[in-house]
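Here it is, the structure, as structure tokens.
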Number of protein chains: 2
Amino acid sequence: METNKKRSDCPLSNSLDIFGDKWSLLIIRDLMFFKKCTYKDFLSSAEGIATNILASRLKGLEENGIIEKSAHPDSKAKILYRLAPKGIDLLPIIMEIYIWSDKYFTMPADIKETIKEAKKDKEKFVRQVTKELTIKMMEKKTATDN
Amino acid sequence: METNKKRSDCPLSNSLDIFGDKWSLLIIRDLMFFKKCTYKDFLSSAEGIATNILASRLKGLEENGIIEKSAHPDSKAKILYRLAPKGIDLLPIIMEIYIWSDKYFTMPADIKETIKEAKKDKEKFVRQVTKELTIKMMEKKTATDN
DNA sequence: TATTTGCACTTGCAATTTGCAAGCAAATTT
DNA sequence: AAATTTGCTTGCAAATTGCAAGTGCAAATA
């Protein structure tokens with residue numbers, strides 16, 4: 001149960017109340033970069049989130065307008081999760097975390113390459129990825145319209 | 001006790017292992033923007049961090065090279081905390097969180113004004129604040145040299 | 001000199017949150 | 001019709017958090 005009590009008027013604090021934990025941004029990462037969009041997809045990520053924690057985080061993120069649920073076109077048993085615009089707008093934050101990581105950690109070569117791309121022109125990178133995510137969002141929205 | 005086991009090779013996950021909680025970035029915010037630099041300063045922030053959690057977070061941030069301790073020039077009983085370069089480099093992340101907040105939250109007018117400044121020229125903002133923090137860091141380092 | 005105050009924690013303990021295993025209903029596949 | 005998949009929920013032990021009350025040391029005050 002996510003309570004709604006604000007710790008302070010500080011927007012940083014308010015933001016951390018939404019995604020300031022060890023799991024939320026990883027779910028958002030999976031939606032952004034790895035085309036994961038079902039419960040099972042998130043469960044299968046390398047970090048190994050527990051199923052009850054995943055359910056709790058998905059609920060919180062939805063309540064806060066970061067993600068949205070919709071029917072999966074392939075099956076009624078499946079639920080399709082996608083980023084809402086408010087979630088897509090988290091991209092610059094996640095990008096900067098990756099860039100910071102790049103300075104202080106070692107990491108897989110493919111990720112390093114993507115970060116290099118992003119660093120070359122941050123705004124362009126954000127624009128491109130945002131566009132892709134927005135298109136995907138629209139497709140799924142219309143395809144499973146209710 | 002902060003353990004060192006990595007959940008995965010993902011740099012985002014590794015980063016969240018360091019500052020992915022409700023408190024760490026608030027301490028860093030206090031060091032960056034509000035000239036807070038003692039234990040008591042952090043305790044007095046609006047969010048009301050508990051004293052054992054503060055001690056635990058300071059320890060973790062120090063172990064991870066985000067902050068550094070030094071002797072306070074005014075009193076031997078006091079400890080002065082400051083951002084290490086690795087901590088100063090978190091500025092772009094925190095700035096982007098503020099910018100995201102600005103789009104989706106209401107907030108105090110003075111903070112809104114600072115964000116407006118930052119948005120006008122992000123790189124300039126980062127350069128300026130980084131410079132100030134680096135100068136402050138050097139001053140305190142030499143003043144209390146050991 | 002003795003006492004009080006301030007500072008940076010530590011300790012104890014109850015309450016909350018997390019992690020793991022198992023279970024479950026509805027939908028789908030075989 | 002039976003087995004499997006999917007998205008959860010439930011139970012419970014373990015870890016983390018939040019709060020109050022110390023603790024040890026140094027500086028200030030009496």
Side-chain angles (χ1 to χ4, degrees), chain A residues 1-8 13 16-27 30-31 35-63 67-82 140 144, chain B residues 1-8 13 16-27 30-31 36-63 67-82 140 144 146:
Chain A
M1 297 172 201
E2 310 278 331
T3 56
N4 278 357
K5 58 183 169 217
K6 291 169 64 175
R7 291 182 293 172
S8 75
S13 160
L16 294 175
D17 286 340
I18 295 178
F19 57 79
D21 67 273
K22 296 235 181 303
W23 297 109
S24 295
L25 286 181
L26 297 183
I27 295 170
D30 287 348
L31 286 161
K35 301 190 202 311
K36 301 198 174 191
C37 53
T38 67
Y39 195 87
K40 200 191 174 192
D41 287 342
F42 303 131
L43 271 188
S44 75
S45 285
E47 291 82 14
I49 190 170
T51 172
N52 56 341
I53 304 296
L54 176 57
S56 146
R57 290 302 181 278
L58 288 172
K59 190 180 171 216
L61 290 172
E62 197 196 359
E63 284 171 358
I67 64 174
E68 289 167 3
K69 292 164 95 163
S70 61
H72 197 290
D74 294 352
S75 156
K76 281 179 190 168
K78 287 182 185 173
I79 291 174
L80 192 142
Y81 295 91
R82 55 194 157 74
K140 280 165 184 168
T144 66
Chain B
M1 294 175 202
E2 311 278 333
T3 55
N4 279 357
K5 56 182 168 220
K6 291 168 67 175
R7 289 182 293 171
S8 76
S13 159
L16 294 176
D17 287 339
I18 295 177
F19 57 77
D21 68 274
K22 297 234 180 305
W23 296 109
S24 294
L25 287 182
L26 297 183
I27 295 170
D30 287 348
L31 284 161
K36 300 197 175 192
C37 52
T38 67
Y39 196 87
K40 200 190 173 191
D41 288 342
F42 302 132
L43 271 188
S44 75
S45 285
E47 291 82 12
I49 190 170
T51 172
N52 56 340
I53 304 296
L54 175 57
S56 148
R57 291 301 180 279
L58 289 172
K59 190 181 170 216
L61 290 172
E62 197 196 359
E63 282 171 1
I67 64 173
E68 289 167 2
K69 293 164 94 163
S70 61
H72 197 290
D74 295 352
S75 157
K76 281 179 189 170
K78 284 183 185 172
I79 292 174
L80 192 142
Y81 296 91
R82 54 196 160 74
K140 281 165 183 169
T144 66
N146 43 351

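Bear in mind that the values here come from a model prediction, so they are computed numbers and not experimental data. Chain identifiers are assigned alphabetically (A, B, ...) following the order of the sequence lines, protein sequences preceding nucleic acid strands; residue numbering begins at 1 within each chain. We use all heavy atoms of the structure for the numbers below, so side chains are in, but hydrogens, waters and symmetry mates are not.
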Problem set entry | Of the listed nucleotides C:dG19, D:dG18, D:dT9, the one nearest the side chain of A:Trp23 | C:dG19

For this session: Would you kindly give the NZ-to-C1' distance between A:Lys78 and C:dT29, to the nearest whole Å?
Result: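 A:Lys78 atom NZ is separated from C:dT29 atom C1' by 12 Å.
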
Exercise. For the side chain of A:Thr51, counting heavy atoms from C-beta on, which of C:dT10, D:dT9, D:dC19 is nearest?
Worked result: D:dT9

Problem set entry | Any side-chain heavy-atom pair of A:Leu61 and A:Ser24 under 4.5 Å | yes

Problem set entry | Selected nucleotide, minimal atom distance to A:Ile53 side chain, candidates D:dG7, C:dT10, C:dT18 |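 Per side-chain heavy atoms of A:Ile53, the pick is C:dT18.
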
Problem set entry | side-chain N/O B:Ser75 vs D:dA26 OP1/OP2, d < 4.0 Å |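 No, no such contact exists.
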
Exercise. Can you tell me how far P of C:dA14 sits from CG of B:Asn52, to the nearest Å?
Worked result: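 For the pair B:Asn52 CG and C:dA14 P, the rounded distance is 15 Å.
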
Exercise. Given C:dG19, is OP1 or OP2 found less than 4.0 Å from the side-chain N or O atoms of A:Arg57?
Worked result: no

Seminar exercise, completed: To the nearest angstrom, the NE2-C1' distance between A:His72 and D:dT5 comes to 13 Å

Exercise. What's the CG-P distance between B:Asp21 and D:dT16, to the nearest Å?
Worked result: 12 Å

For this session: Ignoring the backbone of A:Thr38, work out which of C:dT28, D:dG7, D:dG18 is nearest its side chain.
Result: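 Shortest atom-to-atom distance from the side chain points to D:dG7.
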
Exercise. How close or far is atom P of C:dA8 from atom CD1 of B:Ile67, stated in whole angstroms?
Worked result: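 That distance rounds to 13 Å.
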
Problem set entry | Beyond-backbone contact of B:Tyr39 with B:Leu54, side-chain heavy atoms, under 4.5 angstrom |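 Sidechains of B:Leu54 and B:Tyr39: in contact.
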
Exercise. Charged N to carboxylate O under 4.0 angstrom, A:Asp17 versus A:Arg7?
Worked result: yes

Exercise. Counting side-chain heavy atoms from CB outward, which of D:dG7, C:dT18, C:dT10 is closest to A:Lys40?
Worked result: D:dG7

Problem set entry | Student check: side-chain heavy atoms of A:Leu43 and A:Ile49 closer than 4.5 Å |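 Sidechains of A:Ile49 and A:Leu43: in contact.
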
Exercise. Separation of B:Lys36 atom NZ from C:dC7 atom P, in whole Å?
Worked result: 14 Å

Problem set entry | Minimum-distance nucleotide to A:Lys76 side chain [options: C:dA21, D:dA21, C:dT28] |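 Closest nucleotide among those given: C:dT28.
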
For this session: Starting at atom CD of A:Glu47, determine the distance to atom P of C:dC20, rounded to an integer number of angstrom.
Result: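 My rounded result for the distance is 13 Å.
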
For this session: Report yes if the side chains of B:Leu25 and A:Leu16 come closer than 4.5 Å at any heavy-atom pair, otherwise no.
Result: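 B:Leu25 vs A:Leu16: side chains touch.
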
Problem set entry | Residue whose closest nucleotide on DNA chain C lies nearer the 5' end, B:Ala77 versus A:Ala50 | B:Ala77

Exercise. Contact class for A:Lys22 vs. all strands (heavy atom < 4.0 Å): base, sugar-phosphate, or nothing?
Worked result: nothing

Problem set entry | Interatomic distance, A:Tyr39 OH vs C:dC24 P [rounded to whole Å] |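 Computing the A:Tyr39:OH to C:dC24:P distance gives 17 Å.
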
